[in-house]
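Structure first, then comments.
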Amino acid sequence: WYKKAADQGNEGAQFALGGMYRNGEGVEKDSKQAAQWFKKAADQGYEAAQFVLGIMYYNGEGVQKDYKQAVEWFKKSANQGNADAQFNLGNMYIYGKGVQKDYKRAAEWYKKAADQGNANAQTILGNMYYNGEGVQKDIKQAVEWNKKAADQGNAIAQLNLGSMYYKGEGVQKDYKKAVEWYKKAADQGFANAQNSLGYMYETGKGVEKDYKKAVDLYKKAAAQGYVESYNYLGAMYYNGKGVQKDFNQAVKWFEKAAD
């Protein structure tokens with residue numbers, strides 16, 4: 001049925017058929033065929049197809065890798081309000097792929113995606129306000145955008161928000177709130193947040209001091225290769241905090257950190 005409708009020019013069917021070829025659903029997986037069907041739908045102004053075609057050009061999937069073409073298709077889709085395309089376009093301007101690097105344009109596209117609730121765009125926009133990249137530096141705006149993304153469960157934004165509460169940047173300094181946000185990100189397995197939360201337990205900031213919990217969190221971060229936690233773990237073993245004092249273990253972690 002899809003094939004028949006697609007052959008008759010139905011863009012929805014063309015898009016669906018492209019998806020079937022791309023994922024090998026009900027047909028032999030064929031990226032070239034997928035790209036051709038997406039292109040037919042995209043040429044008819046089907047925004048989801050334009051977005052996927054942009055991704056295929058970006059990855060060189062079924063077509064020759066071509067960042068300029070990726071930008072073209074992302075733009076068409078983004079101009080129709082596709083938030084994912086707007087986000088990807090922001091990325092292209094940030095990294096200068098297929099376009100001249102341009103933080104101001106990147107921020108504009110991230111803002112469009114962020115206004116539609118795209119959590120990744122909200123996080124990056126928050127960071128741009130924090131660093132004054134492509135926008136006027138504005139810590140309050142940084143807090144606001146990170147908060148929107150953090151509320152959607154974005155771990156990076158949750159960590160950023162925790163750090164802002166820890167330092168009192170754009171918000172009243174509040175260790176308890178910092179711990180809350182670090183915990184949300186740490187619970188998602190984010191190593192940087194596990195390390196930060198471990199530090200709060202070690203120092204008793206915003207929580208009851210708990211060396212065992214600190215060690216446990218440092219270990220989780222270390223298992224993911226988070227270098228800063230190697231030093232913290234080394235110090236815990238050296239001082240016998242939350243673990244049996246063990247100079248061999250201490251040396252092992254300090255050496256690992258120095259590598």
Side-chain angles (χ1 to χ4, degrees), residues 47-48 50-55 57-59 66-175 177-186 188 190-193 195-196 226 228:
E47 51 108 353
Q50 293 168 338
F51 169 65
V52 176
L53 196 57
I55 286 186
Y57 273 111
Y58 184 86
N59 294 324
D66 187 332
Y67 291 148
K68 278 208 168 88
Q69 279 285 333
V71 166
E72 280 306 301
W73 288 109
F74 286 151
K75 235 175 219 167
K76 286 183 198 288
S77 184
N79 282 329
Q80 291 197 68
N82 185 302
D84 291 326
Q86 292 166 344
F87 172 71
N88 282 13
L89 209 45
N91 288 343
M92 300 303 265
Y93 278 109
I94 278 271
Y95 297 112
K97 286 183 171 176
V99 284
Q100 199 72 32
K101 197 180 271 202
D102 186 334
Y103 281 15
K104 194 164 180 285
R105 294 295 291 278
E108 284 164 12
W109 284 111
Y110 285 140
K111 172 85 167 66
K112 286 181 197 286
D115 282 338
Q116 292 197 68
N118 184 299
N120 290 327
Q122 291 169 341
T123 305
I124 294 176
L125 189 60
N127 289 345
M128 291 179 91
Y129 274 113
Y130 185 85
N131 296 313
E133 289 171 334
V135 287
Q136 194 73 34
K137 188 175 183 138
D138 186 332
I139 303 295
K140 281 217 155 64
Q141 281 277 349
V143 170
E144 205 173 293
W145 285 110
N146 273 296
K147 175 81 167 71
K148 285 182 198 283
D151 283 339
Q152 290 194 67
N154 185 293
I156 294 172
Q158 291 169 342
L159 173 74
N160 290 347
L161 209 49
S163 298
M164 286 162 143
Y165 276 111
Y166 180 80
K167 295 172 188 164
E169 290 179 323
V171 285
Q172 197 72 34
K173 188 183 274 203
D174 187 332
Y175 290 149
K177 278 224 163 102
V179 165
E180 268 171 44
W181 287 111
Y182 286 153
K183 182 150 184 354
K184 285 181 197 287
Q188 293 193 63
F190 192 32
N192 193 330
N195 184 70
S196 295
Y226 193 74
E228 204 177 307

| request: Could you give me the CA-CA distance, side-chain angles and deciding distance for Lys140 and Glu144, then say whether salt bridge (charged side-chain N to carboxylate O under 4.0 Å, His left out) is met? | output: CA-CA 6 Å; Lys140 281 217 155 64; Glu144 205 173 293; over 6 Å; no
| message | Does Phe190 form a side chain to side chain contact (heavy atoms under 4.5 Å, CB included) with Lys184? I'd like the steps, not just the answer. | response | CA-CA 9 Å; Phe190 192 32; Lys184 285 181 197 287; over 6 Å; no
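The side-chain contact (heavy atoms from CB on, under 4.5 Å) search around Glu72 returns none, not counting sequence neighbours.
Not one N or O on the side chain of Asn195 forms a donor-acceptor pair closer than 3.5 Å with the backbone of Ala191. The backbone N or O of Trp145 lies less than 3.5 Å from no partner atom in the side chain of Gln122, so there is not a single donor-acceptor pair. Judged purely by atom type and a 3.5 angstrom limit, Gln141 has no side-chain atom pairing as donor or acceptor with the backbone of Gln136. Checking side-chain atoms of Gln158 against main-chain N and O of Trp181 turns up no donor-acceptor pair under 3.5 Å.
A ring-centre distance under 6.0 Å is found for Tyr67 and Tyr58.
For the 3.5 Å distance criterion, the side chains of Tyr110 and Asn120 fail to qualify, holding no donor opposite an acceptor.
Here the closest non-hydrogen pair linking Ala106 and Ile94 is CB-CG1, 3.6 Å. Here the shortest heavy-atom pairing between Met92 and Val99 reads O-CG2, 3.5 Å.
None of Gln116, Lys111, Glu108, Lys75 except one satisfies the side chain to side chain donor-acceptor pair (under 3.5 Å) rule with Gln86; the exception is Gln116.
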